[in-house]
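To start, I am sharing the structure in question, which I have written as structure tokens.
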Protein chains: 2
Amino acid sequence: MNIRKDGGIKMPGKIDILVVEDDEDINQLLCKIIKKSGYYPQSAYSGTEAIMYLEKQNWDLILLDLMLPGMDGKAVLEKIREQGVMPVIIISAKNEKETKVSTLRSGADDFITKPFDIDEVSARIDSLLRRYRYTNKATERVLTHKDIQLNSEEKTVYVNGQKISLTVREYHILKLFMSSPKKIFSKANVFESVWNELFYGDDNTVNVHISNLRNKLSQANPNEEYIETIWGMGYRMKS
Amino acid sequence: MNIRKDGGIKMPGKIDILVVEDDEDINQLLCKIIKKSGYYPQSAYSGTEAIMYLEKQNWDLILLDLMLPGMDGKAVLEKIREQGVMPVIIISAKNEKETKVSTLRSGADDFITKPFDIDEVSARIDSLLRRYRYTNKATERVLTHKDIQLNSEEKTVYVNGQKISLTVREYHILKLFMSSPKKIFSKANVFESVWNELFYGDDNTVNVHISNLRNKLSQANPNEEYIETIWGMGYRMKS
DNA sequence: GAAAGGCTTAAGAAATACCTTAAGAAATCT
DNA sequence: AGATTTCTTAAGGTATTTCTTAAGCCTTTC
């Protein structure tokens, strides 16, 4: 069974969202909203399916309908909490006041009632992701490689003692490389991770940005080579 | 039931106050007073709702009416104490002498009787926060950066020796920046923190307020640049 | 060592993010 | 209720980044 459509590994910077909702139309709609926001949705149509996905990989956020056939939504929620700390937004029909209170109590982070406003869903997802990234200590705050220091809190990069200023794209690329310094990233990897879009073969933009990034890095320290090219494979931090 | 619309990151320096009162008019009035004092109120109209909010996040202070429909106010109070140490002000109708003694005994910090005087409420809130903050010490009362001095007790700001007058929004923005002077705040961060509402993407109000704030700051000292723009990322105090 | 395909670089075009201003709306004060 | 302050919204302009293109360079392969 092929779970991920893109066959993708969970990249840093790529945001995966699991949508647990039995109504097919609503599920599709939610996925559409998510995709439009630049994240990667995955549909699950039952509690059992949801749990399978939960065990398969980590998720950055979960949208969970409480009224599921078979397994109860609450059981899924418990499973999520077992799994670790993950942002959860509960979806539920209106006027289920009792449910609302008790689920928020049992560890949901936010709440959306059906019928929902598309923009609101989008905004709540964004907000929750921001909130988690703000408080989440799990992600390293400072990445170091050779004499590069990348501070993801201040979003600053120091090379050879001096601060260099990168554009957002350059910053994300560097962060991607530094988060797995031994890994080789193909152009497709970089593109899909940083741009959040599917990579369609013959594109030169990643090349260009890496070139610019290299320039800025070597401007701060001309004696070092930081990003190496693995011919026919991709790029990697030079160790 | 209106769950707060915020993306409420509990930022340092941002003071959240929960108002538990079933009478809608009184609740609104209290919220108004609180807002005017520069804090962030959240209405709860029942005991169950109150408890939900209690479990959702931490609160700096709670205003609690004892006469609630459904769940008793005392039960809420117990729940509060379970949750940890939080300042609580009890609101209650006059001439409930019995109640006054017993609730103060059960862990309330202060007591206001209806009908109340607006200034008195405001004063009691300030006083109680001050008392707690003295022992807490978590929040600085005077923030300093370059030649800016922000006194959160008096809610005054001095730049280059001279006092400048800011609007409430401007004040909060500046305070947010100064509370973490090295951190970059995105527009969404600023909006959700200062406005306490969900951020819906393409909004210009933060821009405008920051522009106004910059004008006022540079009017007091034209030679300095206090708030810098990090392109594509947000804003930050210039160091 | 020549051809092929991938890589790098530079420059102009397009897109995006940001800043300022001003005017109307809303809230607040008197 | 009228006056004042403050907030929001919209529009036009500026700055910066990002994308595209194309030409030249380098590595591999035959």
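Chain A is the first sequence line, chain B the second, and so forth, proteins listed ahead of strands; every chain is numbered from 1. Atom set for the values below is all heavy atoms of this structure, side chains included, hydrogens, waters and symmetry mates excluded.
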**Separation of C/dC19 P from B/K216 NZ (nearest whole Å)** = 18 Å

**Request:** Report the end-to-end axis angle of the helix from C/dG1-D/dC30 to C/dT30-D/dA1; each axis comes from five terminal pairs, and the value is rounded to 10°.
**Result:** 40°

**Fill in**
In whole angstroms, the gap separating C1' of C/dT28 from NZ of B/K35 amounts to 13 Å

**Asked** Checking B/E224 side chain against B/Y226 main chain: does a donor-acceptor pair fall under 3.5 Å?
**Response** no

**Prompt:** Going through the distances and angles, do B/Y40 and B/H172 end up as a ring-ring contact (aromatic ring centres under 6.0 Å, His included)?
**Reply:** CA-CA 11 Å; B/Y40 292 89; B/H172 275 121; 5.2 Å; yes

**Prompt:** Just how far, in rounded Å, is P of C/dC18 from CD1 of B/I227?
**Reply:** 14 Å

**Item:** B/K155 atom NZ, neighbour heavy-atom count above 12 within 6.0 Å
**Value:** yes

**Request:** Answer with base, sugar-phosphate or nothing: what part of the nucleic acid does A/T205 contact at a heavy-atom distance below 4.0 Å?
**Result:** base

**Prompt:** Is the cationic atom of A/K183 (NZ for Lys, CZ for Arg) positioned less than 6.0 Å from the six-membered ring centroid of A/F185 and within 45 degrees of its normal?
**Reply:** yes

**Item:** Check: B/K175 side chain, B/L143 main-chain N or O, donor-acceptor pair, under 3.5 Å
**Value:** no

**Request:** Answer yes if the side chains of A/N207 and A/N204 hold a donor-acceptor pair under 3.5 Å, and no otherwise.
**Result:** yes

**Request:** Round to the nearest Å and state the distance from B/L213 atom CG to C/dC18 atom P.
**Result:** 17 Å

**Request:** Take the protein atom CZ of A/R169 and the nucleotide atom P of D/dT20, then report the distance between them rounded to whole Å.
**Result:** 11 Å

**Prompt:** Taking CH2 from B/W195 and C1' from D/dT6, how many angstroms apart are they, rounded to a whole number?
**Reply:** 11 Å

**Prompt:** Which letters describe nucleotides 5-16 of chain C, given B = protein heavy atom under 4.0 Å from base, S = only from sugar-phosphate, - = neither?
**Reply:** BBSBBB-----B

**Request:** Using a cut-off of 6.0 Å, state whether more than 12 heavy atoms not belonging to A/I230 lie near its atom CD1.
**Result:** yes

**Prompt:** Could you state the CD-P distance from B/E228 to D/dT16, rounded to the nearest angstrom?
**Reply:** 14 Å

**Prompt:** So, B/R214 and B/T229: side-chain donor and acceptor under 3.5 Å apart, yes or no?
**Reply:** yes

**Non-hydrogen side-chain atoms of A/L213 and A/L217 separated by less than 4.5 Å** = yes

**Request:** Rounded off to whole Å, could you give me the CD-to-C1' distance for the B/E170 and D/dT5 pair?
**Result:** 11 Å

